[in-house]
K.L.:
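Sharing a structure below in structure tokens format, with a few things to ask.
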There are 2 protein chains.
Amino acid sequence: MRKDSRLSRMLHVLVHLHQLQQAVTSDQLALMLHTNPVVVRRTMSLLREQGYVSAVKGHGGGWTLAKPLHEITLLDIHRSLSESSLFTIGLTDEHNNCPIEKAVNLAIDDVLQEAEALVLQRFGEVTLDKLAAGYIPR
Amino acid sequence: MRKDSRLSRMLHVLVHLHQLQQAVTSDQLALMLHTNPVVVRRTMSLLREQGYVSAVKGHGGGWTLAKPLHEITLLDIHRSLSESSLFTIGLTDEHNNCPIEKAVNLAIDDVLQEAEALVLQRFGEVTLDKLAAGYIPR
DNA sequence: TTTTATGTAACTTATGATGTTTCTTAATGT
DNA sequence: ACATTAAGAAACATCATAAGTTACATAAAA
């Protein structure tokens, strides 16, 4: 399955925006991400809607941070991007009455929910200024 | 992204094979899973290669368990099915020298690896006989 | 008014599980 | 022997979604 690399890309962009301290165009960001400016706008607009970045049109325009990095967590950006599940694993027909199928799905879902809670908690613990300073793994 | 429901489907099948105590054809399993027999063979063959089920051709043939349920864990089946990642989240160009990108990917990967380890550990703790008996969530 | 840059719609591509058709191979029953 | 049953396997279509692309509208500054 194709991976969703938007979180990685957006974090990368946000830290650069902080360091450059000036408006950066979608074309410039696209070069940085090895993609094209429409993909940049499409993804960045989700962060704009949540108030993490601002966009200005016309000469000298582009994207700037709307909040300092220490006020943004990985969880904030993750939530801005995805409504879809974190896992590639899915369950089967939940409208089925087979008790075995229900037990199977319950067991899998139980584990995935615990893992998702862990991911969200860890993402919430990391502010973006920690990435700018050079992230140190646990 | 389309979800991978093979784990859910295969666990369901294995518990039924245990309860039926006789060879079950791919056609019968396909009815049970609301799919078709080719999909069943394709997925079950991965479990056969790992020694969890046996297949017999011809009259009276079909699929049977090759190991008792208490000797099979969710992890065993998960490993038999997937070489691909558990997560829909992916990282960007790892051949890039940008230190910010590296820090971002390290931070995300750190969290995902911890979560994946948790999933694998939990899957390894659950044997399939627990599903047959009616799984009780934590 | 020209240039620059975002905003947006519409369409194509890539990926991998799933679905489907068709044929081959092997084992059993008559 | 021959028909039937069932797995094995190849080839191709479908689906969903991020990503990529093209084209044009809108707004702001030179």
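Everything numeric here is computed off the predicted structure, so don't read it as measured data. Because only heavy atoms are used, hydrogens play no part in the values below, and waters and symmetry mates are left out as well, while side chains stay in. Chain letters run A, B, ... following the sequence lines, proteins first and then strands; every chain starts at 1.
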K.L.:
Quickly work out the B/M44 CE to D/dA7 P distance and round it to whole Å.
P.N.:
9 Å
K.L.:
Just compare D/dA10, C/dT6, D/dG8 and give me whichever is closest to any side-chain atom of A/W63.
P.N.:
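Within the option list, the nearest is C/dT6.
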K.L.:
So, is A/R48 near the phosphate of C/dG7, with a side-chain N or O under 4.0 Å from OP1 or OP2?
P.N.:
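Yes, A/R48 has a side-chain N/O under 4.0 Å of OP1/OP2 on C/dG7.
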K.L.:
A/I89 has an atom CD1; how far is it from atom P of C/dT18, in whole Å?
P.N.:
11 Å
K.L.:
Whole-Å distance between C/dA17 C1' and A/F87 CZ?
P.N.:
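Atom CZ in A/F87 sits about 19 Å away from atom C1' in C/dA17.
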K.L.:
Can you tell me how far C1' of D/dA18 sits from CG of B/L91, to the nearest Å?
P.N.:
15 Å
K.L.:
Identify which nucleotide among C/dT6, D/dA19, D/dG8 has an atom closest to any side-chain atom of A/D4, counting heavy atoms from C-beta outward.
P.N.:
D/dA19
K.L.:
Would you indicate which nucleotide in D/dA11, D/dT21, D/dA9 comes nearest to any side-chain atom of A/V39?
P.N.:
D/dT21
K.L.:
In whole angstroms, how far is the P atom of D/dA6 from the CG atom of B/L29?
P.N.:
12 Å
K.L.:
Can you sort out the partners of B/S45 under side-chain contact (heavy atoms from CB on, under 4.5 Å), two or more places apart, ordered by chain and number?
P.N.:
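B/S45 satisfies side-chain contact (heavy atoms from CB on, under 4.5 Å) with B/R48 once adjacent residues are dropped.
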K.L.:
Please compare B/G62 and A/R41 by the position of their nearest nucleotide in DNA chain D and report the one closer to 5'.
P.N.:
B/G62
K.L.:
Is there side-chain contact between A/C98 and B/H12, with at least one heavy-atom pair below 4.5 Å?
P.N.:
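In short, these two side chains touch, coming nearer than 4.5 Å.
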K.L.:
Determine whether any donor atom in the side chain of A/R42 lies under 3.5 Å from an acceptor atom in the base of D/dT21, or the reverse, and answer yes or no.
P.N.:
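Indeed, a donor on one side and an acceptor on the other fall under 3.5 Å apart.
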K.L.:
Output the single nucleotide from C/dG29, C/dT4, D/dG20 whose closest atom is nearest the side chain of A/H59.
P.N.:
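For the A/H59 side chain, the nearest candidate turns out to be C/dT4.
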K.L.:
I want to verify a distance call: between C/dT18, D/dA19, C/dT6, whose nearest atom is closest to the A/S5 side chain?
P.N.:
D/dA19
K.L.:
Do any of residues 13-22 of chain B sit with a heavy atom less than 4.0 Å from DNA chain D, and if so which?
P.N.:
none
K.L.:
For D/dA6 and B/T25 - does any side-chain N or O of the residue sit under 4.0 Å from the phosphate oxygens OP1/OP2?
P.N.:
no
K.L.:
Are side-chain N/O atoms of B/D27 and B/T25 paired as donor and acceptor at under 3.5 Å?
P.N.:
no
K.L.:
Which part of the nucleic acid, if any, lies within contact of B/T43, taking any heavy atom under 4.0 Å across all strands shown: a base, the sugar-phosphate backbone alone, or nothing?
P.N.:
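Nothing, no nucleic acid heavy atom in range.
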K.L.:
Indicate, with yes or no, if B/L69 and A/V111 share a hydrophobic cluster defined by side-chain heavy-atom contacts under 4.5 Å among Ile, Leu, Val, Met, Phe, Trp and Tyr.
P.N.:
yes
K.L.:
Under a 3.5 Å distance rule, please check whether B/T88 uses its side chain to pair with a backbone N or O of A/L86 as donor and acceptor.
P.N.:
yes
K.L.:
Check the distance between D/dA6's C1' and B/Q28's CD and give it to me in whole angstrom.
P.N.:
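One finds 11 Å between C1' of D/dA6 and CD of B/Q28, rounded.
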K.L.:
Using a cut-off of strictly less than 4.0 Å, decide whether A/N36 has a side-chain nitrogen or oxygen near OP1 or OP2 of D/dG20.
P.N.:
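Answer no for this pair, as no side-chain N or O of A/N36 is under 4.0 Å from OP1 or OP2.
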K.L.:
Any idea which of D/dG20, C/dA17, D/dA7 is nearest the B/R6 side chain?
P.N.:
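Nearest listed nucleotide: C/dA17.
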K.L.:
Nearest-Å distance, NZ (A/K57) to C1' (D/dA29)?
P.N.:
13 Å
K.L.:
Quick one: which of B/V13, B/D76, B/L14 gives a side-chain contact (heavy atoms from CB on, under 4.5 Å) with B/L47?
P.N.:
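It is B/L14, the one option of B/V13, B/D76, B/L14 that forms the side-chain contact (heavy atoms from CB on, under 4.5 Å) with B/L47.
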K.L.:
Check which hydrophobic residues are tied to B/L118 through side-chain heavy-atom contacts below 4.5 Å, counting indirect links as well, and list them.
P.N.:
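Traced through the cluster, B/L118 reaches A/L118.
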K.L.:
Strictly below 4.0 Å: does B/T35 bring a side-chain N or O up to OP1 or OP2 of C/dT18?
P.N.:
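Answer no for this pair, as no side-chain N or O of B/T35 is under 4.0 Å from OP1 or OP2.
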K.L.:
Return the nearest nucleotide to the side chain of A/V38; candidates are D/dA23, C/dG29, D/dA7.
P.N.:
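Shortest atom-to-atom distance from the side chain points to D/dA23.
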K.L.:
In whole Å, I'd like the distance from the CG atom of B/L47 to the P atom of D/dA7.
P.N.:
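Rounding to the nearest Å, CG of B/L47 and P of D/dA7 are 14 Å apart.
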K.L.:
Would you find a donor on one side and an acceptor on the other, under 3.5 Å apart, between the side chain of B/S5 and the backbone of B/S8?
P.N.:
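No.
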